[in-house]
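What follows is a set of notes on a single structure, which appears directly below.
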Protein chains: 2
Amino acid sequence: MRDNATNSQARPLYQQVKEYILEKINSGMLQTGMQIESEAELVSALGFSRMTVNRALRELTAEGRLTRIQGRGTFVAEKKVQSSLLEIHAIDKEIRARGGTYSCTVHLLQEEKAKPSIAASMGLAPYSQVFHSIIVHKDNDVPIQLGCRYINPQVAPHFLEQDFTKCTVSDYLLSLAPVSAVEHVVEALIPDSWIRDLLGINGSEPCLALYRKTWVDDKIATHSSFYYPGSRYTLGGKFVPSSVGSIGII
Amino acid sequence: MRDNATNSQARPLYQQVKEYILEKINSGMLQTGMQIESEAELVSALGFSRMTVNRALRELTAEGRLTRIQGRGTFVAEKKVQSSLLEIHAIDKEIRARGGTYSCTVHLLQEEKAKPSIAASMGLAPYSQVFHSIIVHKDNDVPIQLGCRYINPQVAPHFLEQDFTKCTVSDYLLSLAPVSAVEHVVEALIPDSWIRDLLGINGSEPCLALYRKTWVDDKIATHSSFYYPGSRYTLGGKFVPSSVGSIGII
DNA sequence: AAGGCAAATATGTCTATACAATCAACATCA
DNA sequence: TGATGTTGATTGTATAGACATATTTGCCTT
């Protein structure tokens, strides 16, 4: 019931099933939206057990290549360029990984009443109490990134008592509770004067802004990052499909 | 051997195992790097079969929450904020999905000798022949994005014969061969005058640039996008962990 | 013709069993 | 001492069988 000899060296059977399907998709034999063979048909065509075929189809579905509907069948998903899991690494680790020396300056760390626009983006009533921090991250004492956070006090009650020159805000927040959702928005802008001052920008060069909104249950924290002009940031790294591992320098 | 009554309604058993592990991680009982119970221990602790436990641990590993080493054990992976699969959608579909009317203008479509810097980024010898296209994408006839591509002729031999006002370049390229790797870099810049002309920018406003490098086997295609100033782009959408589905407006 | 029921088909899950592959630690032998 | 083999623990893969659930189709009844 096995036929590994003709095939190449010792690839798992479920992997062979995945390649069999992908080959049909990539060669154009199976087009977007078309129904593919049922599990039972694949079993009799390939001679593997149903559980093996099922695993292959389940993984291809998780990877976004197929769509399955119970009772109907399995279909080829729409073709998209898709990067791997977008992992957001802490800036201090990124700097150290590049061989730099990380340091940071805490310019503001206080509780305050949120302006209506801020409060609205956090799902709070206007002038609710929120924590606010402004921190400049430096590589070899050169400012690289300005991070501005607003945090719902319910997420991190002891936020003000932390020493964020020792442990980054990200590390602290991640240690408290699991993140249930994230959203990222990126923008190019000419920074305001207070940002220019803190980052040490002279002219009116454009800088990259990255806004992150993080949900912990239904509590929201926001994080606005402004990067020193001229910097380039890799968003997904080179990746091999269906692997997890790329890096976002953010 | 089942105990679904006390637990909530009809969640699959492997899902219950996943939640059991995640609960231990999120509550802090299991810290980053620590070894978790072996499959055999989970089997006797939870009363499910080993295959069910194995599926749960396998999926948590694919989702980046655990690390498994054959012969050693299963360990808690480093905590990261991770977005879902970053899917790159074609700009024409994005504009139509927002209710706009898409159109585009092909400003250049030719074969040329690649300058050394371009050739180097594509892994080609200086002054190799490459295809070069410059296309402006519009929403209701307002320029939104300028796309500039260099393509290895081996990837798309009939590139010059296509009518890209009907079918987008992305759709055409994706129909030819599967993408084996992708890399994205984002930058803020003051656009050159030729970009300002094509996008209809008057002042010296900053715009967002997104550079994409795509591998098809070892052949490389590059794509530089410049967005109209003031635009904001969502990178991962709000997402629920370990689901595939968010959208990148790019 | 309309409604309802049953069968066929398809995916979703779970289990018990088996064997393979890898690693660490220990024991053995030269 | 150093090299080598053995053993136990652990993960990785594969299978057959069973039952659950969802969808479609067609037949049968009214």
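Proteins come first, then strands; the chains are lettered A, B, ... in the order of their sequence lines, and each starts at number 1. Model, not experiment: these values are computed from the prediction.
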Apply salt bridge (charged side-chain N to carboxylate O under 4.0 Å, His left out) to [X] and list each qualifying residue two or more places apart in sequence or on a separate chain.
X	value
A:Glu37	A:Lys24
B:Asp163	B:Lys166
B:Glu41	none

In whole angstroms, how far is the [atom2] atom of [N] from the [atom1] atom of [X]?
X	N	atom1	atom2	value
A:Gln35	D:dT23	CD	C1'	11 Å
A:Glu59	C:dG12	CD	P	14 Å
B:Leu42	D:dT10	CG	P	11 Å
A:Arg55	D:dT11	CZ	C1'	12 Å
A:Leu46	D:dT13	CG	C1'	17 Å
A:Glu39	D:dA22	CD	P	16 Å
B:Asn54	D:dA14	CG	P	12 Å
A:Glu37	C:dT11	CD	C1'	15 Å

Looking only at the side chain of [X] (C-beta and beyond, no hydrogens), which of the listed nucleotides [options] gets closest?
X	options	answer
B:Arg68	D:dT15, D:dG12, C:dT15	D:dG12
A:Arg58	D:dT11, C:dT17, C:dT13	C:dT13
A:Leu13	D:dA14, C:dA16, C:dT13	D:dA14

| query | So, B:Arg149 versus B:Ser170: side-chain donor-acceptor pair below 3.5 Å or not? | reply | yes
Q) How are the rings of A:Phe159 and A:Phe131 set relative to one another: parallel (under 30°), tilted (30 to 60°) or perpendicular (over 60°)? A)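 Ring orientation of A:Phe159 relative to A:Phe131: parallel.
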Does a side-chain N or O from [X] land closer than 4.0 Å to OP1 or OP2 of [N], or not?
X	N	value
A:Ser49	D:dA14	no
B:Tyr14	C:dC14	no
B:Thr52	C:dT15	yes
A:Thr74	C:dT11	yes

Note, B:Leu22 side chain near B:Arg65 side chain (heavy atom, < 4.5 Å):
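In short, these two side chains touch, coming nearer than 4.5 Å.
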So does B:Arg50 reach the base of D:dG12 with its side chain, donor to acceptor, closer than 3.5 Å?
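Yes, the side chain and the base share a sub-3.5 Å donor-acceptor pair.
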Rounded to the nearest 0.5 angstrom, the CD-CD distance for B:Glu19 and B:Gln15 is 5.0 Å
Rounded to the nearest 0.5 Å, the CG atom of A:Leu60 sits from the CG atom of A:Leu66 at a distance of 5.0 Å
key: Upstream residue (5' side of DNA chain D) when B:Ile36 and A:Met51 are each assigned their closest nucleotide   =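 The 5'-side residue here is B:Ile36.
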- Task: Measure from the side-chain N and O atoms of A:Asn54 to the backbone N and O of A:Arg50, and report whether any donor-acceptor pair falls under 3.5 Å.
- Result: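 Not confirmed, A:Asn54 side chain does not pair with A:Arg50 backbone.
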Between the protein and nucleotides 4-7 of chain C, which nitrogen or oxygen pairs come in under 3.5 angstrom?
none

**Q.** Any residue meeting ring pair (Phe, Tyr, Trp, His ring centres under 6.0 Å) with B:Tyr14, in chain and number order, not counting sequence neighbours
**A.**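 With sequence neighbours excluded, B:Tyr14 shows a ring pair (Phe, Tyr, Trp, His ring centres under 6.0 Å) to no residue whatsoever.
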Can you tabulate the close N/O pairs, meaning under 3.5 Å, that link protein atoms to atoms of nucleotides 22-25 of chain C?
{"from": "C:dT22", "atom 1": "O4'", "to": "B:Gln70", "atom 2": "OE1", "distance (Å)": "3.2"}
{"from": "C:dA24", "atom 1": "OP1", "to": "B:Arg72", "atom 2": "NH1", "distance (Å)": "3.4"}

